[in-house]
Amino acid sequence: MLNQTAPIVWPGKPYPLGATWDGEGVNFAVFSEHAENIELCLFDESGRRQIHCVSMREQTDQVWHCYLPEARPGLLYGYRVYGPYEPAHGLRFNHHKLLLDPYAKQVQGDLKWSDSHFGYRIGHRLEDLSFDRRDNASGTLKGVVVDSSFTWGSDHPPRIPWHQSIIYEVHVKGFTIRHPDVPPRLRGTYAGLTTAPVIDYLKRLGITAVELMPVHCFVDDRQLVQRGLRNYWGYNTISFFAPEPRYSATGKLNEFKTMVKALHSAGIEVILDVVYNHTAEGNQLGPTLSFRGIDNPVYYRPSPGNPRFYMDYTGTGNTLNMRHPRVLQLIMDSLRYWVLEMHVDGFRFDLAATLARELHEVDRLGAFLDIIHQDPILSQVKLIAEPWDLGEGGYQVGKFPVGWAEWNDRYRDAVRSYWKGDGGQIGELAYRITGSSDLYARSGRRPYASINFVTAHDGFTLQDLVSYNQKHNEANGEDNRDGTDNNRSWNCGVEGPTDDPDVKALRSQQKRNLLATLLLSQGVPMLLAGDAIGHTQQGNNNAYCQDNEISWINWDEASADLELLAFARRVIALRKDHPVFRRRNFFQGRAIKGVGVKDILWLMPDGREMTDEEWGQEFARSLGVLLSEKLSGR
């Protein structure tokens, strides 16, 4: 910490970026290409009172830097960046706005929404004519200088092979906030995931990796807060290095590391769902919280014809500028930090097609994919793409390069449609349950390139998939207009909850059908947390803003489907016991020399092998398959 007198300031170094404690003092470094001056602002422990402001006079290769020999871990800080405010030219500097360091390793405080967070006067017709001089420091986020030391001991990554992986998609808060066996003070936190009941549940279920929904520090959208809601899912990142503080029981950075270490000890990998395609600052009318005020035309992609606006491939208002080397550096530094410093095992990239856009089109050879491919650290961890975005040509399922796995929504749609009873699905289903060779084989990828899922955070839960024909999103406050209408669901005869024993029995059978199909398909299965015990969101298929019992998993044994849980455990064990369900190579569909049998045989209901003509029959509703155990190691 610093005393009240003016701090001693040394020149410091331009690398590494961020605030770096070296055991004697702290080096501060921040990049801005177009800034005219940058001030480092220091705050008291509450974060409400600014105690010092230091002009960063040193600049090396467009990195502004200084060193404070008296600074210590725990110090709160932010930046004020000076430069022209000319939105028509893409420049949005406003030194009245305290800005969060893009490289902050820890963040303190809640964003208290007010008009002062905006660089322009809200209500004026043109932002560039209404420069806002109100100071937002008391109500915005601050970076925290951290001491990165941690005793990892013998921790090492489990490195579970792709073909042996079973992924479990988890929301940190929602998974444990209602768990009766987790101590109340730990519920909904990173520490909650390390408790014995939670670890035991995950191990007994048989999953090999947890995929955590966004844990990078994020912001609740103002319009949600005004409606009494929250950004529960967290796809609204403001810091790519700092763990989200609302999930911390202790307020200490080491809590996250302890969680990773505990899961590793249990043989479970940790995969992060990361959002590098956009930030929480939104469109041209959004707040100035960090990147926009540090160097707007560098961090974001302005519209070529009118730099006041942004290119928006994400539907959120802005797109990070992957064409700029410093933005690429930011993302790569962030990824390596989470692997090397936080010991995570991989990443699932939200709207990953956006990251591959060089100009306008998605480029399979984009700089981001090239850099990942050659990086000695990141090329060795699990990389999962959500292979689409909302821009033109953004649907890229099957088109990511070797080394990447992909969320396979064609698998989801085929399995849902088949068990719903739609006709003409058996050909599509056959491709999906055998690893989607039509999507991945041509490029030299393996069946485990396909991340198979029937449900995920976005959409119906498994229970709701068999209980609702229509979405019921009224609680979101958008008149049920949000969320997809293409759910491929079937309510089994009654919309929503019912006491009808026949409907309940049919729903139970359908859940088992869907789970068994998922877990016995080639590729990597991903289960949604709560599905194995019948979690319901009451028909809400877009619960992104429901930080409440709609989203939180109910562990009450009276409402949990314990028979389904036992079934899921048995099928996962079956998958693990028989390599034929997790092959490393695609089926050939022909007799293998030296073995004398086909590796896979497709059968009609009467036991006959299917003919080519029978594959396309619209009335076909059943499909039999015989797998050769002799060839299971291939």
Side-chain angles (χ1 to χ4, degrees), residues 9-22 25-42 53-68 71 77-105 119 143 145 237-242 276 278-279 281 288-302 304 307-308 310-311 318-337 355 358-359 366-368 370-371 375:
V9 183
W10 294 350
K13 300 177 181 179
Y15 187 85
L17 292 166
T20 306
W21 159 249
D22 62 8
V26 179
N27 191 80
F28 294 88
V30 59
F31 165 80
S32 181
E33 180 178 336
H34 299 102
E36 296 174 351
N37 182 39
I38 296 181
E39 291 179 341
L40 168 66
C41 300
L42 311 176
C53 215
V54 175
S55 180
M56 303 177 75
R57 302 184 184 281
E58 299 293 330
Q59 184 187 161
T60 304
D61 298 332
Q62 300 173 335
V63 175
W64 305 70
H65 52 91
C66 68
Y67 183 90
L68 303 186
Y77 72 99
Y79 294 113
R80 297 187 186 275
V81 182
Y82 293 75
Y85 185 78
E86 301 172 357
H89 297 97
L91 300 172
R92 293 177 176 270
F93 295 105
N94 188 332
H95 63 275
H96 300 285
K97 312 305 170 186
L98 186 78
L99 305 174
L100 181 65
D101 180 3
Y103 277 75
K105 305 302 191 300
V145 176
T237 304
I238 195 59
S239 175
F240 297 116
F241 291 82
Y276 292 110
H278 74 280
T279 79
E281 290 185 301
T288 298
L289 305 174
S290 180
F291 310 94
R292 173 174 283 135
I294 292 174
D295 207 323
N296 183 65
V298 165
Y299 284 107
Y300 298 120
R301 293 190 62 169
R308 179 193 303 277
Y310 297 115
M311 302 296 292
N318 66 56
T319 301
L320 272 185
N321 185 10
M322 302 299 296
R323 299 176 299 177
H324 197 286
R326 287 293 189 175
V327 179
L328 281 172
Q329 178 189 1
L330 170 74
I331 295 174
M332 297 302 293
D333 286 349
S334 168
L335 291 169
R336 280 189 288 262
Y337 174 80
L355 304 178
E358 288 287 285
L359 296 174
F368 173 74
D370 286 346
I371 293 172
D375 188 277

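For the single chain, residues carry numbers from 1 onward in sequence order. Both backbone and side-chain heavy atoms feed into the values below; hydrogens, waters and symmetry mates do not.
- Separating the CE atom in Met332 from the CG atom in Asp375 is a distance of 4.5 Å, to the nearest 0.5 Å.
- Checking side-chain atoms of Asn27 against main-chain N and O of Thr20 turns up no donor-acceptor pair under 3.5 Å.
- By the neighbour-count criterion of 12 heavy atoms within 6.0 Å, atom NE2 of His324 is densely surrounded, having more than that number from other residues, nucleotides or ligands.
- We find the CD1-CG distance between Ile294 and Asp101 to be 6.5 Å, quoted to the nearest 0.5 Å.
- Side chain of His65 to backbone of Pro11: a donor-acceptor contact under 3.5 angstrom is found.
- Checked by atom type and distance alone, the side chain of Asn321 pairs as donor or acceptor with a backbone atom of Val298 at under 3.5 Å.
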| request: Please assess Thr288 against Arg92 for the test side chain to side chain contact (heavy atoms under 4.5 Å, CB included), listing each intermediate value before the final yes or no. | output: CA-CA 8 Å; Thr288 298; Arg92 293 177 176 270; 5.6 Å; no
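- The distance from atom CG of Leu289 to atom CD1 of Ile238, rounded to the nearest 0.5 Å, is 5.0 Å.
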Step-by-step salt bridge (Lys or Arg N to Asp or Glu O under 4.0 Å) determination, Arg326 to Asp295:
CA-CA 11 Å; Arg326 287 293 189 175; Asp295 207 323; over 6 Å; no
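- Of all heavy-atom pairs spanning Ala104 and Gly143, the tightest one is CB-CA, 4.0 Å.
- The neighbour count for Tyr15 OH, taken as heavy atoms of other residues, nucleotides or ligands under 6.0 Å away, does not exceed 12.
- Put simply, the residue from Trp21, Phe28, Trp10 that forms a ring-ring contact (aromatic ring centres under 6.0 Å, His included) with Tyr67 is Trp10.
- The two residues Pro302 and Pro297 make their nearest non-hydrogen contact at CD-O, 4.3 Å.
- Leu330 and Tyr103 get closest at one heavy-atom pair: CA-OH, 3.3 Å.
- For the pair Gly293 and Val81, the tightest heavy-atom approach, listed with the atom from each and the gap, is O-CB, 3.5 Å.
- Ile331 CD1 to Met322 CE: the interatomic distance, rounded to the nearest 0.5 Å, is 3.5 Å.
- Smallest separation of non-hydrogen atoms from Val30 and Ile38: CG1-CD1, 3.8 Å.
- A donor-acceptor pair under 3.5 Å is absent between the side-chain atoms of Thr319 and the main chain of Arg301, judged by distance alone.
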* To do: Start with the C-alpha distance between Ser239 and Leu100, add both sets of side-chain angles, then the distance that settles side chain to side chain contact (heavy atoms under 4.5 Å, CB included), and finish with yes or no.
  => CA-CA 8 Å; Ser239 175; Leu100 181 65; 4.1 Å; yes
TODO: For side chain to side chain contact (heavy atoms under 4.5 Å, CB included), just list the numbers for Phe31 and Gln329, CA-CA rounded to whole Å, side-chain angles, deciding distance to a tenth of an Å, and then say yes or no.
DONE: CA-CA 11 Å; Phe31 165 80; Gln329 178 189 1; over 6 Å; no
Problem set entry | Residues Leu68, Leu42; criterion side chain to side chain contact (heavy atoms under 4.5 Å, CB included); working and verdict | CA-CA 11 Å; Leu68 303 186; Leu42 311 176; 3.8 Å; yes
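- Summarising the geometry of Asn37 relative to Ser55, their closest heavy-atom pair is OD1-OG, 3.4 Å, with the distance given to 0.1 Å.
- Side-chain contact between Glu36 and Pro84: present, with at least one pair of heavy atoms (C-beta onward) separated by less than 4.5 Å.
- Here the side chain of Glu33 pairs no donor or acceptor atom with the backbone of Gln62 at under 3.5 angstrom.
- Shown here are the ring pair (Phe, Tyr, Trp, His ring centres under 6.0 Å) partners of Phe240, two or more places apart in sequence or in another chain: Tyr276, Phe291.
- The NZ atom of Lys13 sits 14.0 Å away from atom SG of Cys66, with the distance rounded to the nearest 0.5 Å.
- At least one side-chain heavy atom of Asp333 sits under 4.5 Å from a side-chain heavy atom of Phe241.
- Here the CZ-CZ distance, from Arg80 to Phe93, works out to 15.5 Å after rounding to the nearest 0.5 Å.
- The number of heavy atoms from other shown groups lying within 6.0 Å of CG (Asp22) is above 12.
- Scanning for ring pair (Phe, Tyr, Trp, His ring centres under 6.0 Å) contacts around Tyr310 gives Tyr300, with sequence neighbours left out.
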